[in-house]
Every structure is written in C-alpha cells, then in structure tokens.
Undergrad: 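Quick one: the structure is below, questions incoming.
One-based numbering along the sequence shown.
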Amino acid sequence: MSSIIDTAIARQSDVYRSADFRRRVFEHVGQDPSDVAICTDALLAAGRIPTPAPAMPEEAAVWADAASLLAAIAGRQRRPASVVRTATRICALKLQFDVGRRLAAGQPVPSATFGLALADLLRRAHAGTAPLPADAGPLVAVMWSEGGAALFATIDLSGSGGGKRLYSDVRLPAPPDGDWDFVRLPTVGGSLFSSSSIAGLGGVFGAAPSLAAAHARKERS
C-alpha cells in the first residue's frame, strides 16, 4: 500500500479517535458517549475502520465506515470482541422482503445486505437525495430476539413515498402475494434511529477525509 494511502488511513483514523468526532456522533445517535467511544475504538483496533479505498468503489469507503459504526452502536455491546462480532452480523443481515406497499417499477434495485443499504442511505442523506420522512417514527431500527439468536433490521421510508424493507439473519417465510402488510417479529429489544439522526450522522461522515480521494491522488501520481 502506498505512502499516500497509509497517510490517508492514519489521518482518517485520527479523525475517528478525536473527541470532536465522537461528540458529534453522540449528538446524533443519542446514546451514552462512552458507548460511542467503545464502539469506535473496537472497530479501529479490529481494522474495520477506516475502510481502505481500494476495497470500495469511488467514495463508498467512508460510508462503509459510517454503516459499521452505526451498526456497532445499535448492537449495544461493550466488550470489544462482542462489538465487532455484533456489528459484523448486523451489516451482513440479508434482505428478506418489503413490508407494506409494493414499490413501483423502476425503483433502484435494493441492496442485498443491511450494511450496504445503510451505507447508501447515509450517503444519500448527506447528499440530500434520500427522501427522508419527518420524524414521526424510527427510520432505521435494529432488533434482536431472546438471547440474540436472531437479528432483524428495517429501513422505513414509507412516510416519504418509499417503502419499508426488512433484513434478517434468519430466513423468514415468503409473503404469499409478494409483500406482507404487517410482520410480527419475535423481538425483545432494539435500537431506533430517526430521520434527523441519520441525516446528522451523514453530515458527520460527509465531512470526514476521504480515502477514495487519496487513492485517486495515488493513481494520478
């Protein structure tokens, strides 16, 4: 890996370690500042963030970082190994189906995993291209069953003309007519994030230095 990329990774790691970055994340996720610090430190130590740009297309690396951190915070773990393991599970949740109104033809192909969908949502929230609904209810939810045997996640854009998508690491029964109008899940707890939380977190990561830009500078040099 070139010195340009090494320098960019070190610079972005310093951003993620900074008190200002963690304060701004805390302001938008509404959980204890120590939880933000524990999650960020665990992902940094495990090499999960920053995501090196060559592993991701264009500017996607920073949004992969954002999705990983939000997943880690949502998992509510405090032991570093548990933080990383749970965040990995959450990001890997597979798309099951849409809940409620079926999306119209011509809509973008949905992301196969929750991590990819969350990264795209945060990117579009920062760019102002995501149709975020008013804060009438949670936009993003991560939930778990007893003992964490099963994990579930939803992204609900139905309040702004989009749809609600359900992700899980267990295979759920396919709806008979294409989409369920309502799904009752065996959940005992969870983490909820509003539209303003997602928009705010998108702004925090949108201001972070870009490893993709550093990679582009390397290619030009």
Side-chain angles (χ1 to χ4, degrees), residues 12 16 24-25 28-29 39-40 43 48-75 86-135 137-143 151-169 179 190-213 215-216:
Q12 195 154 351
Y16 294 161
R24 288 184 291 135
V25 170
H28 295 296
V29 299
C39 292
T40 308
L43 294 176
R48 286 292 304 274
I49 61 173
T51 302
M56 303 290 292
E58 300 177 354
E59 297 293 330
V62 71
W63 303 113
D65 292 351
S68 292
L69 181 55
L70 189 61
I73 292 169
T86 302
T88 300
R89 278 187 70 190
I90 291 172
C91 285
L93 297 180
K94 293 183 178 179
L95 174 65
Q96 300 292 319
F97 43 72
D98 292 336
V99 180
R101 179 176 62 84
R102 187 192 297 261
L103 295 181
Q107 291 287 331
V109 175
S111 300
T113 66
F114 180 65
L116 291 173
L118 187 56
D120 183 62
L121 177 65
L122 287 160
R123 177 188 62 80
R124 292 189 298 120
H126 173 62
T129 58
L132 301 183
D135 282 341
L139 171 61
V140 172
V142 175
M143 301 156 287
L151 295 177
F152 310 93
T154 59
I155 297 177
D156 188 356
L157 292 168
S158 57
S160 58
K164 180 177 182 179
R165 289 200 162 113
L166 173 62
Y167 298 80
S168 178
D169 59 357
D179 298 304
S191 297
L192 308 177
F193 302 96
S194 67
S195 294
S196 58
S197 292
I198 296 300
L201 197 62
V204 171
F205 276 87
S210 170
L211 292 181
H215 184 60

Undergrad: Do the side chains of Pro50 and Tyr16 get nearer than 4.5 Å, heavy atoms only?
TA: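 When only atoms from C-beta onward are counted, Pro50 and Tyr16 do touch, with a gap below 4.5 Å.
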Undergrad: Less than 4.0 angstrom from a charged side-chain N to a carboxylate O is my criterion; do Arg89 and Asp169 meet it?
TA: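 Judged by the 4.0 Å cut-off on N to carboxylate O distance, Arg89 and Asp169 do form a salt bridge.
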Undergrad: As an exercise, state the distance from CG of Leu121 to NE2 of His126, rounded to the nearest 0.5 Å.
TA: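 Taking CG in Leu121 and NE2 in His126, the distance rounds to 13.5 Å.
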Undergrad: At their closest point, which heavy atom of Ser68 faces which heavy atom of Ile49, and how far apart are they?
TA: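 Heavy-atom minimum between the residues: CB-CG2, 4.3 Å.
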Undergrad: Tell me every residue that passes salt bridge (Lys or Arg N to Asp or Glu O under 4.0 Å) with Asp120, counting only those two or more places apart in sequence or in another chain.
TA: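 Expected list: Arg123, Arg124.
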Undergrad: Within the 4.5 Å heavy-atom criterion, are Trp63 and Phe205 side-chain neighbours or not?
TA: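 Contact flag for Trp63/Phe205 side chains = yes.
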Undergrad: Distance check, rounded to the nearest 0.5 Å: Met143 atom CE versus Ile90 atom CD1?
TA: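 Here the interatomic distance stands at 10.5 Å.
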Undergrad: For the residue pair Val140 and Thr154, establish whether any side-chain heavy-atom pair is separated by less than 4.5 Å.
TA: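 Val140 does not reach Thr154 side chain to side chain.
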Undergrad: Using a 4.5 Å cut-off on heavy atoms from C-beta on, say whether the side chain of Leu95 contacts that of Thr113.
TA: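 Side chain of Thr113 against side chain of Leu95, heavy atoms only: no contact under 4.5 Å found.
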Undergrad: Do Ile73 and Ser191 come close enough that some side-chain heavy atom pair is under 4.5 Å?
TA: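 Answer no - side chains too far apart.
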Undergrad: Restricting to non-hydrogen atoms, name the atom on Ile155 and the atom on Ala117 that form the minimum distance, rounded to 0.1 Å.
TA: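 Here Ile155 and Ala117 meet closest at CD1-CB, 3.8 Å.
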Undergrad: Kindly state each residue pair satisfying side-chain hydrogen bond (donor to acceptor under 3.5 Å, both in side chains) with at least one member in residues 194-206, sequence neighbours excluded.
TA: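 Qualifying pairs: Asp135-Ser196, Ser194-Ser196, Ser194-Ser197.
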Undergrad: Testing the basics here: between Leu122 and Ile198, what is the closest heavy-atom pair and its distance to 0.1 Å?
TA: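 Looking at all heavy atoms of both residues, the closest pair is CD2-O, 3.7 Å.
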Undergrad: Which heavy atom of Leu132 sits nearest to which heavy atom of Ala199, and what is that distance?
TA: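 Shortest heavy-atom separation between Leu132 and Ala199 comes out as CD1-CB, 3.9 Å.
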Undergrad: Compare every heavy atom of Ala64 with every heavy atom of Thr51, then report the nearest pair and how far apart it is.
TA: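 Heavy atoms only, the tightest pair is OG1-CB, 3.9 Å.
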Undergrad: Leu70 versus Val29: any side-chain heavy-atom pair under 4.5 Å?
TA: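 In short, these two side chains touch, coming nearer than 4.5 Å.
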Undergrad: Ala119 and Ala67: which non-hydrogen atoms are nearest, and at how many Å?
TA: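 Answer, listing the atom of Ala119 first, then Ala67: N-CB, 3.8 Å.
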Undergrad: So, Asp156 and Ser158: side-chain donor and acceptor under 3.5 Å apart, yes or no?
TA: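 The criterion, which ignores hydrogens and geometry beyond distance, is satisfied for Ser158 and Asp156.
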Undergrad: Less than 4.5 Å apart, any side-chain heavy atom of Phe114 and any of Leu166?
TA: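 In short, these two side chains do not touch, never coming nearer than 4.5 Å.
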Undergrad: With heavy-atom distances below 4.5 Å as the criterion, would you say the side chains of Asp65 and Gln12 are in contact?
TA: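 Yes, side chains in contact.
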Undergrad: For the NZ atom of Lys94 and the OH atom of Tyr167, what is their distance to the nearest 0.5 Å?
TA: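 Between Lys94 NZ and Tyr167 OH, I get 13.5 Å after rounding to 0.5 Å.
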Undergrad: CD/Gln96 to CZ/Phe152 distance, rounded to the nearest 0.5 angstrom?
TA: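 Spacing of CD (Gln96) from CZ (Phe152) equals 8.5 Å.
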